[in-house]
Participant: 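Have a look at this one before I ask anything.
This chain uses plain numbering: 1 for the first residue, then up along the sequence. Counting starts at 1 for both ligands and their atoms, in listed order.
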Amino acid sequence: MSAQFDYAGKVAFVTGAGSGIGRATALAFSAAGASVSIADINEPGLAETHDLIVKAGGKAIANRCDVTKSADILGALEKTIEAFGKLDFAFNNAGIEQPGASIVDLSEEMLDRVLDVNLKSVFLCMKHQIPLMLQNGGGAIVNTSSGAGVIAIRNQSGYCASKFGVTVASKVAALEYADQGIRVNALCPGIIDTPMIARYTGDTEEGRAAIIKQEPVGRMGRPEEIAATVLFLCSPQGGFITGHALVADGAQTAGI
Ligand code: NAI
């Protein structure tokens with residue numbers, strides 16, 4: 001049981017749970033007492049997260065789910081209801097990076113892919129999660145945006161467009177369901193030490209040092225720090241927070 005949050009009897013659905021921020025958040029929900037439904041296309045990663053939860057004494061189900069496909073999302077949510085009876089929280093977090101390229105050089109294929117995986121998926125997840133939460137009298141949704149969903153970054157037009165989209169889709173959903181007991185927030189992490197960042201930096205000392213220079217706090221964030229923020233946003237302590245884009249970024253987007 002987490003010392004800070006008590007999620008006993010609650011059910012959380014987490015996408016991108018086979019790695020990085022999603023895994024840390026699934027583990028945190030479980031440590032706080034929630035039953036967790038984890039989803040990803042990365043089956044070995046998903047199995048590892050499932051093992052970690054079960055070995056720690058938690059309850060979890062794992063489903064392969066491509067978040068760009070409604071049928072996969074519906075299937076994973078159906079299994080969640082079968083296993084745990086309801087849906088209280090969703091962390092829509094699966095995402096991909098975009099290789100650096102100017103608008104002129106960004107391929108149409110990459111643009112479609114980054115918008116589908118990072119943005120369309122969040123619409124589809126909320127579309128299918130909200131009716132389940134309404135049946136249950138409410139719930140809370142956190143969608144993973146980014147610092148790139150708050151400020152523009154050169155050579156990241158597709159990724160930024162996808163994440164600004166996540167920020168605003170979260171705000172619109174919050175407005176639409178505020179009076180029906182569903183809170184929706186966007187979470188905007190700074191540079192977090194995950195496999196995504198290892199790919200982005202080439203996982204070299206120079207690559208890491210160069211990216212850490214963008215962080216005023218002088219270090220990367222840890223996935224567990226983002227997980228704790230998700231648990232706060234879903235908790236009764238965060239009960240008046242909805243329609244917000246919360247940065248957890250070591251002041252990366254605070255200014256220059
Ligand atoms: P990661 O690469 O470690 O994990 C992302 C997970 O999403 C992977 O397990 C991957 O298989 C899964 N995924 C990718 N496409 C999918 C699909 N179509 N269907 C289902 N699952 C899919 O990355 P990380 O860092 O944990 O990123 C999680 C989220 O946080 C992403 O949305 C990312 O854009 C966002 N983010 C990450 C930051 C960082 O510095 N690591 C900073 C700001 C935002």
Participant: Grouping I, L, V, M, F, W and Y whenever their side-chain heavy atoms are under 4.5 Å apart, do Leu187 and Val184 come out in a common cluster?
Facilitator: no

Participant: Is a side-chain N or O of Ser170 found less than 3.5 angstrom from the main chain of Val166, in a donor-acceptor match?
Facilitator: yes

Participant: Does the separation of the ring centres of Phe89 and Tyr7 fall below 6.0 angstrom?
Facilitator: yes

Participant: Tell me, which residues have any heavy atom less than 4.0 Å from some atom of ligand 1?
Facilitator: Gly16, Gly18, Ser19, Gly20, Ile21, Asp40, Ile41, Asn42, Cys65, Asp66, Val67, Asn93, Ala94, Gly95, Ile96, Val117, Thr144, Ser145, Ser146, Tyr159, Lys163, Pro189, Gly190, Ile191, Ile192, Thr194, Pro195, Met196, Ile197, Arg199

Participant: Residues in salt bridge (Lys or Arg N to Asp or Glu O under 4.0 Å) with Glu225, at least two apart?
Facilitator: Arg219, Arg222

Participant: Would you kindly confirm whether Ile73 and Leu87 end up in one hydrophobic cluster when ILVMFWY residues are joined by side chain heavy atoms under 4.5 Å apart?
Facilitator: yes

Participant: Can you confirm whether more than 12 heavy atoms, excluding those of Gln237, are under 6.0 Å from its CD atom?
Facilitator: yes

